[in-house]
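Each remark here refers to the structure printed beneath this line.
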Amino acid sequence: MRILKLAPKTEAMLARLRERQDRDAQGIAGAIVADVRKRGDRALSHWTKRLDGTDLQKQGMWISKREF
C-alpha cells in the first residue's frame, strides 16, 4: 500500500466541498423537521416511506416502552 501526501490545494478543495455538502444536508433536514412539525404523523409517514422505504400506514408506528 502506498500512502500519498495530500496537497494543500486538494485539501482546501475537499474542505470546501465538505462544507457545501454539510450546508445542503442541514437545509434538507430542516425542511423535513419543519414539515413534520406542520403536518405531524402524516409527514412522518411520508418521509419514512420516501427515505427508508417503510410504509408506516401498513406497518404502524407502535413504539414499545423498552424502545421509548
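Nothing fancy with the numbering, it's 1 onward along the sequence. Basis for what follows: all heavy atoms, side chains included, without hydrogens, waters or symmetry-related copies.
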remark   = For Leu44 and Leu56, the nearest pair of non-hydrogen atoms, with its separation, is O-CD1, 4.2 Å

key: Test side chain to side chain donor-acceptor pair (under 3.5 Å) applied to Arg39 - qualifying residues, sequence neighbours left out   = Asp35

Nearest-0.5 Å distance, [atom1] of residue [X] to [atom2] of residue [Y]:
| X | Y | atom1 | atom2 | value |
| --- | --- | --- | --- | --- |
| Leu14 | Glu19 | CG | CD | 13.0 Å |
| Gln21 | Gln26 | CD | CD | 13.0 Å |
| Arg20 | Asp22 | CZ | CG | 11.0 Å |
| Asp41 | Gln57 | CG | CD | 9.0 Å |
| Arg37 | Ile32 | CZ | CD1 | 13.0 Å |

remark   = Under a side-chain separation threshold of 4.5 Å, the hydrophobic residues clustered together with Met1 are none

inquiry  = Test of understanding: clusters of I, L, V, M, F, W, Y form through side-chain heavy atoms closer than 4.5 Å, transitively. Do Trp47 and Ile28 belong to the same one?
reply    = yes

ask   = By side chain to side chain contact (heavy atoms under 4.5 Å, CB included), which residues pair with Arg66, not counting sequence neighbours?
value = Ser64

